[in-house]
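Shown next, in structure tokens, is the structure this report addresses.
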Amino acid sequence: MTVGWHRPTKLIIDTQAITENVLNEVKRLPEETELFAVVKANGYGHGAVPTAKAAIKGGATGFCVALLDEAIELREAGIKGPILILGVVDVSYIDLLVKYDLSVTVTSQEWLEQAVNQLEQLENVQPLKIHIKVDTGMGRIGFKTVHETKKAVELVQLSEQMIWEGIFTHFSTADKKDQAYFNKQNQRFQNVLTELAELPRYVHVSNSATALWHPENAGNMIRFGIAMYGLNPSGHELEASYPLKPALSLVSELIHVKELSANEGIGYGKTYTTSKNEWIGTIPIGYADGWLRHLQGFSVLVDGKECEIVGRICMDQCMIRLPEQKTAGTKVTLIGKNGDKEITMQDVADKLDTIHYEVACTFSERIPREYR
Ligand code: PMH
């Protein structure tokens with residue numbers, strides 16, 4: 001997609017905040033426990049490579065992504081250290097996994113059997129690094145039973161072309177007050193571990209929520225995602241155990257300002273009509289940028305004041321009601337601080353009836369990311 005470099009709308013990413021969030025978590029971890037930065041989905045919209053570099057400064061020693069392509073992007077940008085692909089990679093891409101020295105999640109015996117065959121056909125290659133995924137109740141991917149898991153481990157250990165690097169699970173309710181289901185999943189994972197004769201280098205269970213609210217469960221590596229970006233994994237339910245610093249702000253400028261008299265319509269469908277003389281400003285951001293139509297009625301900040309988004313949000317532009325005349329070029333803050341006020345990603349998520357993870361991932365590539 002074409003990036004709008006010549007438009008004042010931009011995402012500003014505070015890489016120092018990412019570094020600090022990682023550092024604050026690393027300080028809490030037991031000595032032997034490593035932090036892998038989760039930078040899938042373009043670093044939750046923040047930019048995968050700059051996030052990875054900022055995380056390294058804070059003490060991250062490895063990375064997690066969802067796709068093979070995301071892992072290759074990191075390697076091609078010169079990122080060293082382990083990269084674990086959390087999703088299922090088609091077995092036909094084993095040559096790429098080995099070539100780029102990537103660690104892969106394994107969730108089925110068939111995959112392993114096919115992988116053994118494929119690896120036999122490749123000559124003089126490094127062994128493939130395997131993380132066995134156990135589905136303890138997320139219901140997404142992974143081996144379901146102790147028996148299946150043991151069989152998979154045996155096969156990996158038998159193969160000279162595979163290294164058993166990790167075993168892990170993923171909790172679905174670590175961000176909730178009610179811990180019953182978390183405890184059930186945890187118990188299931190512990191049951192698997194006790195059945196295994198030995199353990200691999202990495203035993204990992206923690207997303208951000210687990211790291212924050214169940215630190216006793218750290219294993220020897222954590223997969224740290226949303227909290228690294230400064231966002232509370234639990235939304236409003238649980239308070240973070242230490243301050244998280246949001247890394248992302250979204251800014252633009254007024255590109256057009258006018259005074260309308262009463263009874264003038266704004267936007268497609270004329271869903272807003274001025275009730276008196278009103279100053280209306282236009283901002284160059286719209287739903288094609290991920291600034292979604294449901295944000296109609298939400299506010300943005302201009303000179304420290306909240307201004308309502310009036311009328312439907314268009315593809316590339318939206319209109320706001322200003323408290324007074326402003327000049328074109330005045331700064332507009334859509335997410336972040338402006339004067340004494342702040343709009344958070346959580347506020348946007350609340351308005352959209354979703355989670356901030358989704359808001360962060362929805363900003364399109366059209367908005368340039370500026371790193372500070
Ligand atoms: N590990 C796995 C397997 C994940 O899927 C995720 C996030 C993380 C770690 C990091 O979680 P955190 O950002 O809460 O720290 N995965 C997703 C997902 O699939 N949908 O939302 C978050």
Side-chain angles (χ1 to χ4, degrees), residues 17-18 21-22 24-26 28-29 33-46 48 51-52 55 58 60-68 70-71 82-89 102-107 130-143 165-176 182 185-186 189 202-215 217-238 240-242 244-248 345-346 349 352 354-362:
I18 293 174
N21 292 325
V22 170
N24 285 335
E25 180 56 30
V26 168
R28 278 162 37 100
L29 292 173
T33 302
E34 296 183 34
L35 183 149
F36 279 24
V38 183
V39 296
K40 62 195 177 124
N42 195 29
Y44 295 27
H46 294 63
T51 299
T61 53
F63 307 91
C64 297
V65 294
L67 316 183
L68 171 56
E70 293 172 343
I83 300 176
L84 169 61
I85 303 172
L86 298 168
V88 177
V89 178
L102 304 172
S103 306
V104 69
T105 296
V106 171
T107 64
I130 304 283
H131 286 235
I132 300 278
K133 176 77 182 275
V134 186
D135 180 6
T136 53
M138 174 74 179
R140 189 164 63 177
I141 50 173
F143 294 94
E165 190 182 57
I167 185 161
F168 73 111
T169 194
H170 191 52
F171 294 118
S172 62
T173 62
D175 57 340
K176 299 282 171 234
F182 176 89
Q185 280 196 266
N186 189 32
F189 191 61
Y202 293 114
V203 178
H204 49 110
V205 298
S206 300
N207 55 0
S208 298
T210 311
L212 288 176
W213 296 298
H214 304 275
N217 269 78
N220 57 13
M221 182 266 263
I222 68 167
R223 309 183 301 269
F224 203 56
I226 200 75
M228 170 175 64
Y229 304 100
L231 301 168
N232 180 335
S234 175
H236 298 290
E237 193 164 330
L238 296 171
S241 20
Y242 57 91
L244 299 170
K245 198 166 176 195
L248 177 149
M345 201 110 75
Q346 183 65 50
L352 291 171
T354 184
I355 52 173
H356 45 51
Y357 291 77
E358 191 177 46
V359 176
C361 292
T362 302

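In each ligand, atom 1 is the first atom listed, and ligand 1 is the first ligand listed.
Atom CG in Leu238 sits 7.5 Å away from atom CG in Asn232 (nearest 0.5 Å). In this structure, His170 NE2 and Thr136 OG1 are separated by 9.5 Å, a value rounded to the nearest 0.5 Å. Rounded to the nearest 0.5 angstrom, Phe171 CZ and Gln185 CD are separated by 6.0 Å. Note that the CD1 atom of Ile222 and the OG atom of Ser208 stand 7.0 Å from one another [nearest 0.5 Å]. For the atom pair CD1 (Ile226) and CG (Asp175), the distance works out to 11.0 Å, reported to the nearest 0.5 Å. The line from CD1 of Ile18 to CG of Leu248 is 9.0 Å long, rounded to the nearest 0.5 Å.
By the 30° and 60° cut-offs, the orientation of the rings of Tyr229 relative to His46 is tilted. Using the six-membered ring where Trp is involved, Tyr202 and Phe36 have ring planes that are perpendicular, over 60° apart on the 30 and 60° scheme.
Protein heavy atom nearest atom 17 (C) of ligand 1, with residue, atom name and distance: Lys40 NZ, 3.3 Å. Closest to atom 5 (O) of ligand 1 among all protein heavy atoms lies Arg140 NH2, 2.9 Å. Closest to atom 8 (C) of ligand 1 among all protein heavy atoms lies His170 CE1, 3.9 Å. Of all protein heavy atoms, the one closest to atom 11 (O) of ligand 1 is Asn207 CB, 3.4 Å.
Taking only nitrogen or oxygen atoms, main chain and side chain alike, Phe168 does not reach within less than 3.5 Å of ligand 1.
Put simply, atom 20 (N) of ligand 1 has no protein non-hydrogen atoms near it, under 4.0 Å away.
Nearest to atom 1 (N) of ligand 1 by heavy-atom distance, out of Lys133, Met138, Arg223, His204, is Arg223.
Counting heavy atoms under 4.0 Å from ligand 1, residue Met228 does not touch it at all. Contact annotation: for Ile226 versus ligand 1, heavy atoms closer than 4.0 Å belong to both the backbone and the side chain. Contact annotation for Glu358 and ligand 1: no heavy atom of the residue comes within less than 4.0 Å of the ligand. Under 4.0 Å from ligand 1, heavy atoms of Ser208 appear from its side chain as well as its backbone.
Near Tyr44, meaning under 4.0 Å from any of its heavy atoms, are these atoms of ligand 1: 7 (C), 10 (C), 11 (O), 12 (P), 13 (O). Counting atoms of ligand 1 from 1 in the listed order, those under 4.0 Å from a heavy atom of Tyr357 are 12 (P), 13 (O), 14 (O), 22 (C).
You'll find the side chain of Tyr357 stays beyond 4.5 Å of the side chain of Leu231, heavy atoms only.
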